2 protein chains.
Amino acid sequence: MPEPQTSPQVSPALFFDTINSYQRTEALKAAINLDLFSAIGSGHATTIELAEACGAAERGVRILSDFLTIMGFLTKQDGRYALTPDSAMFLDRRSPAYMGGTIEFLLSPMLTGGFKDLTSAVRKGGTVMDQEGTITPDHPVWVSFARAMAPMMALPAQLMAELVDPSANGKLRILDIAAGHGLYGIAFAKRNPQAEITALDWPNVLQVAKENAQAAGVAERYETRPGSAFDVDYGSGYDLVLLTNFLHHFDPPTCEVLLKKVHQALVPGGRAVTLEFVPNEDRISPPQVAAFSMMMLSSTPSGDAYTFPELDSMCRNAGFARNEFHQLPPSLQQVVISHK
Amino acid sequence: MPEPQTSPQVSPALFFDTINSYQRTEALKAAINLDLFSAIGSGHATTIELAEACGAAERGVRILSDFLTIMGFLTKQDGRYALTPDSAMFLDRRSPAYMGGTIEFLLSPMLTGGFKDLTSAVRKGGTVMDQEGTITPDHPVWVSFARAMAPMMALPAQLMAELVDPSANGKLRILDIAAGHGLYGIAFAKRNPQAEITALDWPNVLQVAKENAQAAGVAERYETRPGSAFDVDYGSGYDLVLLTNFLHHFDPPTCEVLLKKVHQALVPGGRAVTLEFVPNEDRISPPQVAAFSMMMLSSTPSGDAYTFPELDSMCRNAGFARNEFHQLPPSLQQVVISHK
């Protein structure tokens, strides 16, 4: 016998949940600031213990911990809090995969500021922040990015190097454009002793990359070119040019100008390697990838999360013969390898 | 044969989703400001049509609409957007259940301001906003509340009146404390022609309640007492005293002082009717009810979402003989009826 059809119940729950979402951001930020996750990870379990460990009021710690439990960051049993496996891995400061430091970038005023008047940004079709938002030359957000996000990047950088240079035993000259923390180029240098890296970024950002190259023991194969990727002479004869999380800041004609310059700097048979948030053509999936375009609307004049057909078209227009599309699991990002 | 055990994969997805949650709030706010939902509801379906209807850039509308689709407010098929049933009911301005106006209260600086430095609020155990946060006398947030939230309150007000005064045909003197929009008292007056309401709130808030009583045709049975619920003489001889969304602003001793005053104002056999977010004793369920305590941490010195045993204890200490606990579905809130 068929089930009776019931009309779905409408509900304002999603509306309220979404309107109040800003509270989730602030609660997680407060917990990281107070190092609450580390306190729980080291065995403090009750509100009294946690209040003392965090130097906070018991009422404050209780309400915050309950809220974190509701959001899924903690468990609570008989008044005792514990970390979930995710929180133990990523939010306990003693974990090597600790990512609490990323809020210095992810919640920096340079990024959150773009959402303060999103209505105007939608009307305008681009950031309403001063100048050109985050693509303003020498913008300090990129030092914050390089320092805060590096711990997140070691794994995708290694995965990308394995994908692009699997044998890791041939001569390889690499230009790393907008290198940031430098970890993508450094991952190649760590695997392949014949890899030589030229890193390009703003001068203050390159300081961070150089520190990371030093720490990775590849400083003698690591040189830098300070300045704008659009203005600086790249030199030539590169086997690989890395474009990691860079093209999304610009509109397609600007990307093509840059890609032509990249094309010229490559040896015959050389490859450009683009790491990006590449949504499906519906632009709504995968959700966390497609949602990245909102960050570009709020923080740049005309950047976007481009689909593979769009990236393919830009690269072909810039002279590349063919483009391969790769996932990079468990990273959320995708790689396009463009052959000269 | 048993399935092989797989260890659960840890993931930073919840961390990133939560840290970026503020973007959800701002995207929904922008869509309401631009009246995007009404534009879609009236048949505009493509980015070109919506950009024209909303007076916004096509790129802005496209990225915003995709983001709203990812969040579950819209559907998208072949580049055409449509409203979900929830969005059609609550976010299209032409719907009688439109609730877009509630953002005037829910996202007012008086509420969101309490989250700007939540770390300090957790340390302190209470709001770090000026004075006493939202319980500062004559705080303008309550006019905003009374005007913005009234459309949301008609249904729970009616449900509460049906629960408390099912026959609706006897003499009923009602004191409505912190009446706000006044809809809770007005719901009794609309059902029961012998109900007489005395509404108490700040003078500027009572203007809104009086307008609503006039519009409901019950003005001749509606009088007001301006001032603080802690200071104003209530009078006496009430059959019912309504305490809707009021006790959560205060600590238990303060609630008991107020409840004693309420007890004195009631006739023998009279009832106090408390509408609240009443979480279960675990304080983490139901999630949307339990999460309300975070709003009290951020915006009040010592308010909370109290459990039924806590409310029961306060009411008994104030002299009430017994307390009944009721759900009020589909509203998220609960009702405690306290008998003198």
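Note that the coordinates shown come from a computational prediction; the quantities given were computed from them, not determined experimentally. All chains are named by letter (A, B, ...) in the order of the sequence lines, taking the proteins before the strands, and each is independently numbered beginning at 1.
- From B/Cys54, atom SG reaches atom CG of B/Leu64 across 8.5 Å, with rounding to the nearest 0.5 Å.
- For A/Ala88, no part sits under 4.5 Å from any heavy atom of chain B, backbone or side chain.
- The candidate with the highest count of non-hydrogen atom pairs below 4.5 Å against chain B, out of A/Lys76, A/Lys124, A/Met99, is A/Met99.
- The number of heavy atoms from other shown groups lying within 6.0 Å of CD (B/Gln327) is above 12.
- Using a 4.5 Å cut-off between heavy atoms, A/Ser293 contacts chain B through both its backbone and its side chain.
- Heavy-atom pairs under 4.5 Å with chain B were tallied for A/Thr102, A/Leu332, A/Ile284, A/Asp282; the largest tally goes to A/Ile284.
- Within the 4.5 angstrom heavy-atom criterion, atoms from both the backbone and the side chain of A/Met71 approach chain B.
- Residue A/Leu297 touches chain B through both its backbone and its side chain, counting heavy-atom pairs closer than 4.5 Å.
- By number of non-hydrogen pairs under 4.5 angstrom with chain B, the leading residue of A/Ala291, A/Ser11, A/Pro287 is A/Ser11.
- Ranked by heavy-atom pairs under 4.5 Å with chain B, the first of A/Asp17, A/Leu118, A/Ile19 is A/Ile19.
- The contact between A/Phe15 and chain B is made by backbone and side chain atoms together, counting heavy-atom distances below 4.5 Å.
- Taking chain B as the reference chain and counting heavy-atom pairs below 4.5 Å, the highest number among A/Arg24, A/Met295, A/Lys116 is found for A/Arg24.
- With rounding to the nearest 0.5 Å, the separation of OG1 in A/Thr307 from CD in A/Glu281 is 5.5 Å.
- Per-residue heavy-atom pair counts under 4.5 Å with chain B were compared for A/Gln77, A/Gln23, A/Arg59, A/Lys29, and the maximum is reached by A/Arg59.
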